[in-house]
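In what follows, chains carry the letters A, B, and so on, assigned in the order in which the sequence lines appear, proteins first and then strands, with residues in each chain numbered from 1.
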Protein chains: 2
Amino acid sequence: MDKNVLKSSDLKNTKRRMAILEVLENSSIPLTAEEIYSHVIKTVHLSLSTAYRTLGTLSEKGILLKNLCQDGKTYYQINSHQHKHQLVCTLCNQTVPIDDCPLSIIEKNLIKQTGFTITGHSLEFSGICPKCAKHN
Amino acid sequence: MDKNVLKSSDLKNTKRRMAILEVLENSSIPLTAEEIYSHVIKTVHLSLSTAYRTLGTLSEKGILLKNLCQDGKTYYQINSHQHKHQLVCTLCNQTVPIDDCPLSIIEKNLIKQTGFTITGHSLEFSGICPKCAKHN
DNA sequence: GTTAGTGCAAACTCTTTGCAGCACT
DNA sequence: AGTGCTGCAAAGAGTTTGCACTAAC
């Protein structure tokens, strides 16, 4: 991601923010604040509250997508306009990304039916992964 | 709902449980623990922790469906095998139930692709309702 | 009578916030 | 230099849990 994303959103270009964005760019799945924090702290000092604050700011600016999942944790991902949902094993927590979002057609119908402007959605599947199914 | 739901799940038939189930039966939308508690307490004394414990138990038994939504609260509804999702206005919190769940086809594809057994899903749309769109 | 259910208070997890000090432009 | 960013510690929301008491079977 271009280093100007921050500037063009009127945000200062700091080490911590760059590091956070980098972690998310290199991840194929959405990550929690804790996960991002753990990655970043290996190379750049930062506090957990800064992680939360930064992730919040970047989400407000539309740079990130923020999603509260069924495990009670908030997951963040780069807003690439090609967002992903997750399929999570309830036993081992294995997470499989769902690459294409199947909801656009459904959203169109909802707009017609309710008159709402739809600004987002959250979708999460849970199940048992093949490994866990074998071992239980 | 039949009063035998509890018995057939090896649960004792108590005033509080009946009251909680009744509130959910009479609601057209999923409710939070707090909302359920507030309704029930008008007629039957109960503590918030009992509400949480009961809702948890009933969800485990498959009598209720439990869903953590983007507002950070867990919503409960009767598991009628005709569950509902929600469309929530991010400004006024108006909630519109989505009556038919559009995900069964998508789930079938996921099963093929991942080998998971799918046991549940959560889906939530957010947007701006027509009223709020006018007033802003 | 026994086991499951309940109330209360305390604890727990994830996240947010107030304030003083620091770093980017 | 000025404003926004950060760290730390404390607080907040929603939910869970330990223990003693109570009620259903």
query: Separation of L46(A) atom CG from dA23(C) atom P, in whole Å?
result: 14 Å

field: For Q113(B), all residues meeting side-chain contact (heavy atoms from CB on, under 4.5 Å), sequence neighbours excluded
entry: N109(B), L110(B)

- prompt: Can you check whether H85(B) and H121(A) have ring centres sitting under 6.0 Å from each other?
  reply: no

task: Can you run down the salt bridge (Lys or Arg N to Asp or Glu O under 4.0 Å) pairs that involve residues 71-99 of chain A, sequence neighbours left out, and say none if there aren't any?
output: K84(A)-D99(A)

message: On DNA chain D, compare the nucleotides closest to H45(A) and G72(B); which residue's is nearer the 5' end?
response: H45(A)

query: Starting at CG of L48(B) and ending at P of dG14(D), how long is that distance when rounded to a whole Å?
result: 10 Å

- prompt: Quick check: does any side chain N or O of S8(B) sit under 3.5 Å from a backbone N or O of V5(B), one acting as donor and the other as acceptor?
  reply: yes

Separation of dG4(D) C1' from R17(A) CZ (nearest whole Å): 8 Å

- request: Grab the OH-P distance between Y75(B) and dG14(D) for me, whole Å please.
  value: 10 Å

Would you tabulate the pairs of protein nitrogen or oxygen atoms and nucleotide nitrogen or oxygen atoms of nucleotides 1-3 of chain C closer than 3.5 angstrom?
| from | atom 1 | to | atom 2 | distance (Å) |
| --- | --- | --- | --- | --- |
| dT3(C) | O2 | K12(B) | NZ | 2.9 |

- prompt: Roughly how far apart are L6(B) CG and L21(B) CG, rounded to 0.5 Å?
  reply: 5.5 Å

Could you run down the sub-3.5 Å N/O contacts of the protein with nucleotides 19-21 of chain D?
none

message: Tell me the interatomic distance from K73(B), atom NZ, to dA13(D), atom C1', rounded to whole angstroms.
response: 9 Å

- prompt: Any side-chain heavy atom of L65(B) sitting closer than 4.5 Å to one from Y76(B)?
  reply: no

query: With a 3.5 Å cut-off and just heavy-atom distances, do the side chain of S49(A) and the base of dC8(D) make a donor-acceptor pair?
result: yes

task: Whole angstrom is fine here: how far is it from CG in L55(B) over to C1' in dT15(D)?
output: 11 Å

query: Is the side chain of N79(B) donor-acceptor paired with the backbone N or O of G62(B) at a distance under 3.5 Å, no angle test?
result: yes

field: Test item: I63(A) and S9(A) side chains (from C-beta on) under 4.5 Å apart, heavy atoms
entry: yes

- prompt: How many Å lie between OH on Y37(B) and P on dG14(D), as a whole number?
  reply: 14 Å

- prompt: Which one, dT6(D), dA9(C), dT15(D), comes nearest to the side chain of R16(A)?
  reply: dT6(D)

task: Determine yes or no for a side-chain-to-main-chain donor-acceptor pair under 3.5 angstrom, with T43(B) supplying the side chain and V40(B) the backbone.
output: yes

message: I'd like to know if the side chain of Q70(B) and the backbone of L68(A) have a donor-acceptor N/O pair within less than 3.5 Å.
response: yes

query: Can you check the N13(B) CG to dC25(D) C1' distance for me, whole Å?
result: 11 Å

field: Sub-4.5 Å side-chain heavy-atom contact between Q77(B) and K66(B)
entry: no

query: Would you say Y52(B) reaches dT16(D)'s phosphate, i.e. side-chain N/O to OP1/OP2 under 4.0 Å?
result: no

- request: Identify whether any heavy atom of T57(B) sits under 4.0 Å from a base atom; if not, whether one sits that close to sugar-phosphate; answer base, sugar-phosphate or nothing.
  value: nothing

- request: Side-chain contact test, heavy atoms from C-beta onward, threshold under 4.5 Å: evaluate it for I128(A) versus T119(B) and give yes or no.
  value: yes

field: Below 4.0 Å: OP1/OP2 of dT6(C) and any side-chain N or O of T14(B)
entry: yes

When the side chains of residues 47-56 of chain A are checked against the rest of the protein, which donor-acceptor pairs come out under 3.5 Å, sequence neighbours left out?
| from | atom 1 | to | atom 2 | distance (Å) |
| --- | --- | --- | --- | --- |
| S47(A) | OG | S49(A) | OG | 3.3 |
| S47(A) | OG | T50(A) | N | 3.2 |
| S47(A) | OG | T50(A) | OG1 | 3.1 |
| T54(A) | OG1 | T50(A) | O | 2.8 |

dT6(D) phosphate, OP1 or OP2, under 4.0 Å from T54(A) side-chain N/O: yes

statement: Students should find that the end-to-end axis angle of the helix from dG1(C)-dC25(D) to dT25(C)-dA1(D), with five pairs defining each axis and rounding to 10 degrees, is 30°

- prompt: Quick one: which of dG5(C), dG7(D), dT15(C) gets closest to the side chain of S47(A)?
  reply: dG7(D)

- line: L11(A) has its side chain closest, among dT16(C), dC5(D), dT15(D), to dC5(D)

task: Determine: side-chain N/O of T50(B) to OP1/OP2 of dT6(C), distance under 4.0 Å, yes or no.
output: no

